[in-house]
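Shown next, in structure tokens, is the structure this report addresses.
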Amino acid sequence: MSLTSGTARTTPARAVTSGATRSRQARTSTDPVWRVWITRHRVVAAILAGIVATHMATIIGFWLPAVGLPKLDWPSANGGVFTPYGSAIQQFVSGSVFHYTDGVVFTVVFALALHHLLPWRNTERGNLAKGLFFGTVLAIISCGFMVPLVYFPQFHPGFFSLNLGWKVILAIFLWHWVYGLYLGLIYNPLPADALEHAAPLPNAEIDTQLTQD
């Protein structure tokens with residue numbers, strides 16, 4: 001008698017518990033886990049996006065001669081500024097450190113200070129538009145200030161680097177658009193009102209279950 005009643009008491013609880021677990025797992029499997037993680041860890045996500053975006057754009061800079069545009073060796077250009085009396089290898093290494101650091105710092109500033117101010121909503125297309133817009137702004141700064149006044153003043157680039165030719169300007173914009181493209185694809189947070197409806201991340205759910213047990 002007691003065994004039967006105990007079974008009757010425990011069976012619905014097990015059914016409800018297993019049903020709730022399956023429901024949570026179903027919701028978790030359909031949620032954009034990567035985007036939820038980015039939204040909840042903006043600084044780490046921005047650092048990761050900055051490293052990847054800077055690296056991919058840097059590679060493209062070395063490949064630009066394949067399409068008839070000048071090579072953009074920003075690591076060596078930075079090395080010429082920070083270690084002007086070093087060898088070519090020393091300039092490349094030191095310049096790479098500063099170059100990638102700049103890329104990460106710009107990305108963190110973009111993610112924490114500028115991203116939420118831009119008019120596009122945090123959809124996949126909206127975040128991509130934000131990344132490309134930021135890349136365009138950096139290209140304008142590069143052509144208008146960095147190239148003529150910091151990197152190559154000895155070549156007298158002139159206003160907006162126009163004396164260097166349209167191919168150089170196009171290459172600079174393409175470089176920064178590649179950076180902005182990967183920035184928008186990787187740093188892709190959810191809209192503010194969508195996060196509260198997102199299912200918990202799998203690890204967080206497991207930790208909650210262990211704590212309750």
Side-chain angles (χ1 to χ4, degrees), residues 20-61 63 72 74-75 78 96-146 171-212:
T21 302
R22 285 195 298 270
S23 177
R24 286 195 299 269
Q25 291 175 347
R27 289 198 304 272
T28 302
S29 63
T30 58
D31 283 332
V33 177
W34 172 247
R35 298 189 67 195
V36 173
W37 184 87
I38 289 175
T39 309
R40 292 173 176 168
H41 304 84
R42 291 180 179 269
V43 176
V44 179
I47 293 173
L48 178 61
I51 293 173
V52 175
T54 303
H55 184 64
M56 295 304 299
T58 301
I59 293 175
I60 292 298
W63 288 353
L72 293 181
W74 293 125
N78 279 275
S96 295
V97 173
F98 287 102
H99 172 63
Y100 280 90
T101 301
D102 287 344
V104 172
V105 170
F106 279 128
T107 303
V108 172
V109 171
F110 164 74
L112 300 184
L114 301 177
H115 191 272
H116 66 284
L117 298 178
L118 297 177
W120 300 283
R121 183 174 168 81
N122 287 358
T123 61
E124 293 184 355
R125 292 183 179 180
N127 290 325
L128 183 59
K130 291 181 181 184
L132 291 173
F133 174 80
F134 186 62
T136 303
V137 171
L138 293 182
I140 293 174
I141 295 175
S142 180
C143 288
F145 175 75
M146 296 301 294
I172 292 174
F173 272 83
L174 285 178
W175 194 99
H176 287 88
W177 283 333
V178 171
Y179 167 83
L181 172 66
Y182 280 93
L183 179 61
L185 289 175
I186 299 175
Y187 189 78
N188 188 18
L190 291 167
D193 56 350
L195 182 61
E196 60 186 24
H197 302 295
L201 296 175
N203 291 338
E205 182 178 338
I206 293 173
D207 293 339
T208 302
Q209 292 176 353
L210 291 176
T211 303
Q212 292 176 348

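This is a predicted model, so every value here is computed, not measured. We're numbering straight along the sequence, starting at 1.
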Please output the side-chain donor-acceptor pairs of residues 47-54 that fall under 3.5 Å, not counting sequence neighbours, one pair per line with the distance.
unit_1 : atom_1 : unit_2 : atom_2 : d
T54    : OG1    : G50    : O      : 2.7

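- Considering only residues two or more places apart in sequence or on other chains, T107 meets the side chain to side chain donor-acceptor pair (under 3.5 Å) condition with Y179.
- I186 contributes atom CD1, which lies 9.0 Å from atom CG of L181 (distance to the nearest 0.5 angstrom).
- F106 is linked by a ring pair (Phe, Tyr, Trp, His ring centres under 6.0 Å) to nothing, counting only residues two or more places apart in sequence or in another chain.
- Applying the salt bridge (charged side-chain N to carboxylate O under 4.0 Å, His left out) test to pairs two or more places apart or on separate chains, none has a residue in residues 122-132.
- H176 approaches G135 most closely through the heavy-atom pair CB-O, 3.2 Å.
- For W63, the ring pair (Phe, Tyr, Trp, His ring centres under 6.0 Å) test picks out no residue, with sequence neighbours left out.
- Scanning all heavy atoms of the two residues, the minimum distance from R35 to T39 falls at O-OG1, 2.7 Å.
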What side-chain donor-acceptor pairs closer than 3.5 Å can you find for residues 98-105, not counting sequence neighbours?
unit_1 : atom_1 : unit_2 : atom_2 : d
H99    : NE2    : T58    : OG1    : 2.7
Y100   : OH     : H55    : ND1    : 2.7
T101   : OG1    : V97    : O      : 2.6

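- With sequence neighbours left out, R121 forms a salt bridge (charged side-chain N to carboxylate O under 4.0 Å, His left out) with D193.
- For the atom pair CG of L185 and CG of L128, the computed distance is 5.5 Å after rounding to the nearest 0.5 Å.
- Residues satisfying the ring pair (Phe, Tyr, Trp, His ring centres under 6.0 Å) test with F173, not counting sequence neighbours, are W177.
- With sequence neighbours excluded, the residues forming a side-chain contact (heavy atoms from CB on, under 4.5 Å) with A45 are W37, I38, Y187, listed by chain and number.
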Report, one line per pair, each donor and acceptor closer than 3.5 Å where one atom sits in a side chain of residues 108-119; sequence neighbours left out.
unit_1 : atom_1 : unit_2 : atom_2 : d
H115   : NE2    : N127   : OD1    : 3.1

